[in-house]
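One structure is given below, encoded as structure tokens.
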Amino acid sequence: MDARAGAHPEDKDESRHIRERRAKLDAWRAEGGAYPNDFRPDAQAAELSARYAQADPAEAAPVRLAGRIVSKRVMGRASFAHIQDGSGRLQIFLERAPLGATYEAFKHWDLGDIIGVEGQPFRTKTGELSVRVANARLLTKNLRPLPEKFHGLTDQEIRYRKRYLDLIMNPEVRALFHRRGRIIAFLRAFLCARGFVEVETPMMQPLAGGATARPFITHHNALDMPLYLRIAPELYLKRLVVGGLERVFEINRNFRNEGLSTRHNPEFTMLEFYQAYADYRDLMDLTEDLLKGLCEEVLGTTRVPYQGREVDFGQPFARMTVEEAIRAHHPQAPADLRDIASLEGFLSALGLPREPGLEAGGLQMTVFEKTVEAELTQPTFVTAYPAEVSPLARRNDHDPFITDRFEFFVAGREIANGFSELNDPEDQAARFKAQVARRGVGDEEAMHYDADYVEALEYGLPPTAGEGIGVDRLVMLLTDAPSIRDVILFPHMRPKDHE
RNA sequence: GGGCCGUUAGCUCAGUCGGUAGAGCAUCUGACUUUUAAUCAGGUGGUCGUUGGUUCGAUCCCAACACGGCCCA
């Protein structure tokens with residue numbers, strides 16, 4: 001590393017703050033030992049605060065703490081500061097008499113600098129647990145001033161683009177991502193406890209299948225072929241069930257080449273799981289147990305506040321068919337919800353456009369998605385989705401118009417989608433052909449014919465049920481987050497020119 | 001894709017009925033041994049998002065563009 005003091009050609013482009021801090025860094029380098037990595041803390045702020053909430057800190061052994069200086073009050077020959085570590089903040093108290101040169105150095109350390117301190121915990125006369133510093137060292141120099149201490153960082157754009165600043169300045173953001181981690185850990189533990197094995201399937205696929213969405217395309221140089229970032233892992237997970245992995249799950253990213261919104265990010269996290277010898281009703285029961293357990297584990301309650309509403313996971317979840325849901329919200333709905341002419345009249349009465357290529361099932365879904373979904377506030381399973389819009393789901397034994405499928409809604413949003421799997425290879429082949437026909441009339445999201453997958457089914461997929469749960473949306477719900485960008489550490493942003 | 005709103009110091013924000021800009025915090029200097037949005041005194045800090053237009057003069061008015069936010073599709 002070139003550490004020549006003062007040799008910073010970029011200085012003229014930088015703010016005075018950065019120049020001043022670089023000068024301090026130069027001085028630190030000149031002393032030798034800049035950027036050390038030999039300080040080992042043996043305590044954390046939150047843990048110390050908890051331990052001595054009642055107990056007398058005078059009886060504590062000296063502690064070593066490391067963290068970022070986030071506030072500083074120098075009063076002549078004594079000073080207070082707060083340092084922030086991964087767990088929280090703790091006050092430190094420094095006096096000139098015992099510290100000497102270290103005290104003079106401390107006075108020139110900046111907010112944002114990362115330091116290590118050693119000292120005795122005590123309580124100040126206002127009762128705040130603090131550490132009386134016997135020794136302190138600068139561990140990392142901060143060259144760029146932190147956002148203002150009182151208002152913090154509120155600019156949404158900077159919060160998303162520089163998430164590290166958001167994390168430094170906003171403790172609720174740290175708490176949110178800790179909670180996200182606990183949610184995902186719970187999902188894993190829940191499924192593992194039921195005999196599921198976690199697997200990883202391809203993110204780059206020769207055909208992007210398993211969902212209806214536009215994919216991202218990339219290129220493999222050595223093979224000189226296009227590859228698609230996956231839109232779903234579904235068809236690979238079911239191949240594994242063919243192979244005898246009878247309970248599998250995957251928690252990983254999907255990629256969909258769509259617009260950005262408060263509910264959509266191009267890459268998002270899905271949990272998908274498949275259970276042989278189970279049907280969609282078994283998965284509804286499992287989902288209900290999972291969500292109740294998750295709320296209790298992570299929130300300690302099944303009553304979840306979300307954006308001014310309260311969602312109650314403690315009651316048995318409502319279950320209704322698509323047609324029942326439509327009728328419940330539209331008393332004036334036509335008697336026959338499978339007649340295309342009646343549905344077209346219904347759509348125009350509701351002021352909804354009729355997209356080309358849709359038959360009765362597709363028209364039903366248009367009504368449902370545009371007018372009913374948003375009203376489903378309390379936990380609700382909606383079942384009996386039309387076969388037309390469910391190309392991978394098993395047809396119902398008594399009613400071939402529908403499939404043995406459900407979606408789960410809460411707070412007006414789809415959180416999960418599950419069904420008894422279509423394991424009849426000939427029916428699957430016919431469904432793929434219908435999808436290809438939809439492509440022919442301009443539906444770019446319709447599926448391709450996946451011959452390799454049909455071949456796998458021909459070896460025999462046991463009767464199976466599978467489900468996908470949108471992890472980001474689940475995290476939004478359990479953190480009361482209004483936007484998906486709030487629960488993704490680095491949400492997709494348009495690049496901003498720096499030149 | 002459409003509508004509305006925003007972009008001014010490192011951060012949070014004022015402001016200029018068009019005459020090249022202010023506050024608080026931060027930062028620098030000084031004072032101060034129990035502070036905690038510490039306090040007190042003094043100082044530094046800005047191509048007012050970008051590009052064009054109107055004008056004697058634009059950060060302000062107009063247009064386009066960029067990025068972001070909210071709502072709608």
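By convention in this document, chain letters (A, B, ...) are assigned in the order of the sequence lines, proteins followed by strands, and residues within each chain are numbered from 1. The analysis underlying the following values was restricted to heavy atoms, covering all of them including side chains, and did not include hydrogens, waters or symmetry mates.
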Legend entry - Selected nucleotide, minimal atom distance to A:Phe80 side chain, candidates B:rG68, B:rG24, B:rU34: B:rU34
Inset, instruction - Go through B:rC13, B:rG10, B:rU34 for me and flag the one nearest to the A:Thr124 side chain. - result: B:rU34
Inset, instruction - Under 4.0 Å between any heavy atoms, over every strand shown, what does A:Met493 touch: base, sugar-phosphate, or nothing? Just pick one. - result: sugar-phosphate
Legend entry - Contact check, side chains of A:Arg214 and A:Ile231, non-hydrogen atoms, under 4.5 Å: no
Inset, instruction - Test for a donor-acceptor pair under 3.5 Å between the base of B:rU35 and the side chain of A:Arg73, counting only N and O atoms. - result: yes
Legend entry - Side chain of A:Arg485 - closest among B:rU27, B:rU34, B:rG69: B:rG69
Inset, instruction - Would you classify A:Gly259 as touching base, sugar-phosphate or nothing, given that sugar-phosphate means primed atoms plus P, OP1 and OP2, and contacts are heavy atoms under 4.0 Å? - result: nothing
Inset, instruction - Please examine the side chains of A:Arg354 and A:Ile340, heavy atoms only from C-beta on, and report whether any two atoms are closer than 4.5 Å. - result: yes
Inset, instruction - Indicate the ring-plane relationship of A:Tyr35 and A:Trp28, choosing parallel, tilted or perpendicular according to the 30° and 60° boundaries. - result: tilted
Inset, instruction - Do nucleotides 3-8 of chain B as a string where each nucleotide becomes B, S or -: B if the base has a protein heavy atom under 4.0 Å, S if just the sugar-phosphate does, - if no protein is that close. - result: ------
Inset, instruction - Would you confirm whether A:Arg64, through its side chain, and A:Phe39, through its main-chain N or O, come within 3.5 Å as a donor-acceptor pair? - result: no
Inset, instruction - Select base, sugar-phosphate, or nothing to describe what A:Thr262 touches, counting heavy atoms under 4.0 Å on all strands. - result: sugar-phosphate
Legend entry - RNA chain B stem ranges, 3 or more consecutive Watson-Crick or G-U pairs under 3.5 angstrom: B:1-7 with B:66-72, B:10-13 with B:22-25, B:27-31 with B:39-43, B:49-53 with B:61-65
Legend entry - Row check, A:Phe106 ring normal vs A:Lys72 NZ/CZ: under 6.0 Å, within 45°: yes
Inset, instruction - Look at the side chain of A:His151 and decide which nucleotide, out of B:rU12, B:rC11, B:rU44, has an atom nearest to it. - result: B:rU12
Legend entry - Sole residue of A:His329, A:Arg413, A:Glu414 in side chain to side chain contact (heavy atoms under 4.5 Å, CB included) with A:Leu376: A:His329
Inset, instruction - Take A:Asp38 and A:Arg137, measure what salt bridge (charged side-chain N to carboxylate O under 4.0 Å, His left out) needs, and give me the verdict at the end. - result: CA-CA 11 Å; A:Asp38 59 356; A:Arg137 293 171 63 195; 2.9 Å; yes
Legend entry - Positions of residues 83-101 of chain A (non-hydrogen atom under 4.0 Å from RNA chain B), listed by number: A:Gln91, A:Phe93, A:Glu95
Inset, instruction - Look at all strands and tell whether A:Arg77 reaches a base, only sugar-phosphate, or nothing, counting heavy atoms closer than 4.0 Å. - result: base
Inset, instruction - Using a 4.0 Å heavy-atom cut-off across all strands, classify A:Lys24 as base, sugar-phosphate, or nothing. - result: sugar-phosphate
Inset, instruction - Would you mind reading off the distance between A:Glu148 atom CD and B:rA37 atom C1', rounded to a whole angstrom? - result: 8 Å
Inset, instruction - Syn or anti for B:rU20, please, going by whether the chi angle lies within 90° of 0. - result: syn
Legend entry - A:Arg144 CZ to B:rA26 P, straight-line distance once rounded to whole Å: 20 Å
